[in-house]
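For reference, the structure discussed in these notes is given below.
What you see below is based on every heavy atom in this structure, not just the backbone, and it leaves out hydrogens, waters and symmetry mates. Values in this document were obtained by computation on a predicted structure and should not be read as measured data.
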Amino acid sequence: MEETAEKLPRVLQLLWGVEGLARPGPKPGLSIAGIGAAAVKIADEAGLGAVSMSRVAAELGFTTMSLYRYVSSKNDLYVVMVEEAFGKPEPVDVARTGWRERITAWATAIRDAIHRHPWLLQVPLFEPPLSPKQLDWMEQGLSAFEGTPLTGQDRLSSMVLVNIYVRGVTQVTMSVFVNNQAIDQTDQDADQIYARRLALLADPERFPSIASTVLSGTFTEDGDFGNDEFQFGLRTVLDGIESLIHRRTPTP
């Protein structure tokens with residue numbers, strides 16, 4: 001256990017509950033989970049840019065130096081914040097659901113976590129996941145492909161592909177949603193305004209494909225823009241993975 005602790009950064013030792021080399025004088029009442037919760041609260045209220053060691057310390061009623069006994073850098077703080085914001089994934093019954101249902105539930109849960117904490121999309125990705133709850137998410141994503149003929153590398157690549165898709169489409173649709181909220185518009189209002197402006201600007205001779213799309217009524221149909229786009233894209237990504245599964249399936 002001691003050897004394992006020496007190989008892990010201090011922040012991971014604390015998140016995993018591994019006993020490492022002790023640092024003198026940790027303040028009673030201060031914990032790695034409490035630091036994460038305080039930082040998440042600040043980011044939820046004021047954005048990721050508002051998070052600093054001094055502000056988190058003030059939120060908790062401790063000195064900034066006290067925090068450095070637990071997190072030695074801003075990147076360490078981000079690790080703790082992501083761990084706190086995502087939490088642990090809800091269990092999925094692998095034995096009773098197919099791989100598409102499992103990975104869809106996983107992807108939807110990631111999207112929902114980002115909706116709760118939009119600043120997650122701004123956290124720099126400086127290393128693969130190593131914290132306990134993030135590995136829980138990774139485990140669930142990989143196990144979604146249990147029972148398929150995909151290789152280990154196929155499963156990892158498929159999980160990463162779905163994760164990249166979720167982050168990308170959520171960032172785009174949330175940007176539209178936030179802007180609409182700021183000017184008191186619904187998604188449907190924004191679609192209609194956009195369609196009218198496109199109709200004015202998209203000359204059929206110069207932009208024939210755009211003009212035909214506007215005339216088809218795509219931008220004025222009822223629906224939930226963010227969810228509709230998310231579901232369409234996810235189904236398309238999974239169709240590609242399903243094609244790979246068919247290619248990996250041995251022929252009789």
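Under the 4.5 Å side-chain heavy-atom criterion for grouping Ile, Leu, Val, Met, Phe, Trp and Tyr, Phe232 is not connected to Leu238 through any hydrophobic cluster. Val123 and Phe86 fall within the same hydrophobic cluster, defined by Ile, Leu, Val, Met, Phe, Trp and Tyr side-chain heavy atoms under 4.5 Å apart, directly or through other members. The hydrophobic clustering, which links ILVMFWY residues whose side-chain heavy atoms are closer than 4.5 Å, places Leu125 and Val80 apart. Residues Val92 and Phe145 are members of separate hydrophobic clusters, defined by side-chain heavy-atom contacts under 4.5 angstrom among Ile, Leu, Val, Met, Phe, Trp and Tyr. With hydrophobic clusters built from ILVMFWY side chains whose heavy atoms lie under 4.5 angstrom apart, Leu8 shares a cluster with Leu135.
Here the side chains of Leu14 and Tyr70 are in contact, with some heavy-atom distance below 4.5 Å. At least one side-chain heavy atom of Val71 sits under 4.5 Å from a side-chain heavy atom of Met53. Tyr68 has its side chain out of reach of Thr63: every pair of non-hydrogen atoms, C-beta onward, lies at least 4.5 Å apart. Side-chain contact check for Glu90 versus Gln140: every heavy-atom pair is 4.5 Å or farther apart.
A donor-acceptor pair is defined here as one N or O able to donate and one able to accept, closer than 3.5 Å; no such pair exists between the side chain of Glu59 and the backbone of Ala39. At distances below 3.5 Å, not a single donor-acceptor pair connects side-chain atoms of Gln134 with backbone N or O atoms of Ser131. The backbone N or O of Ala105 sits nowhere less than 3.5 Å from a side-chain atom of Thr108 that would complete a donor-acceptor pair. Using a distance-only test at 3.5 Å, with no hydrogens or angles considered, no donor-acceptor pair links the side chain of Arg111 to the main chain of Phe230.
Scanning all heavy atoms of the two residues, the minimum distance from Pro149 to Thr249 falls at CG-OG1, 3.5 Å. Among all heavy-atom pairs drawn from Ile42 and Ala50, the shortest one is CG2-O, 3.8 Å. Residues Trp106 and Gly141 come closest through the heavy atom pair NE1-N, 3.4 Å. Minimum heavy-atom separation, Arg167 to Leu120: NH2-O, 3.6 Å. Of all heavy-atom pairs between Met81 and Ala43, the closest is CE-CB, 3.8 Å. Tyr165 approaches Leu234 most closely through the heavy-atom pair OH-N, 3.3 Å.
Among Ile103, Ile164, Val162, the single residue meeting the side chain to side chain contact (heavy atoms under 4.5 Å, CB included) criterion with Val237 is Val162. Each of Arg247, Arg100, Arg248 was compared with Glu242 under the salt bridge (charged side-chain N to carboxylate O under 4.0 Å, His left out) criterion, and only Arg100 meets it. Checked options Ile114, Leu48, Val51; the residue passing with Trp119 is Leu48 (criterion: side chain to side chain contact (heavy atoms under 4.5 Å, CB included)).
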message: Apply side-chain contact (heavy atoms from CB on, under 4.5 Å) to residues Thr148 and Arg155 and explain how you reach the verdict.
response: CA-CA 9 Å; Thr148 72; Arg155 295 181 187 195; 4.2 Å; yes

- request: Determine, stepwise, if the pair Met138 / Asn163 fulfils side-chain contact (heavy atoms from CB on, under 4.5 Å).
  value: CA-CA 10 Å; Met138 185 176 178; Asn163 190 32; over 6 Å; no

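With 3.5 Å as the limit, one finds no donor-acceptor pair spanning the side chains of Glu229 and Thr173.
Atom NZ of Lys88 is surrounded by 12 or fewer heavy atoms from other residues, nucleotides or ligands within 6.0 Å.
Atoms CE and CG, on Met159 and Leu150 in that order, are 12.5 Å from each other to the nearest 0.5 Å. Between the CD1 atom in Ile35 and the CG atom in Leu30 there is a gap of 4.5 Å [rounded to 0.5 Å]. To the nearest 0.5 angstrom, Trp16 atom CH2 is 14.0 Å from Ile32 atom CD1. Of the inter-residue distances, the one linking Ser158 atom OG with Ile245 atom CD1 reads 7.0 Å to the nearest 0.5 angstrom. Put simply, OG1 on Thr104 and CZ on Arg235 are 9.5 Å apart, with the number rounded to the nearest 0.5 Å. Between the CZ atom in Arg55 and the CG atom in Leu60 there is a gap of 12.5 Å [rounded to 0.5 Å].
A salt bridge links Glu45 with Lys41: at least one charged nitrogen is closer than 4.0 Å to a carboxylate oxygen.
Ala202 meets the side chain to side chain contact (heavy atoms under 4.5 Å, CB included) test with Phe207, Ile210; sequence neighbours excluded.
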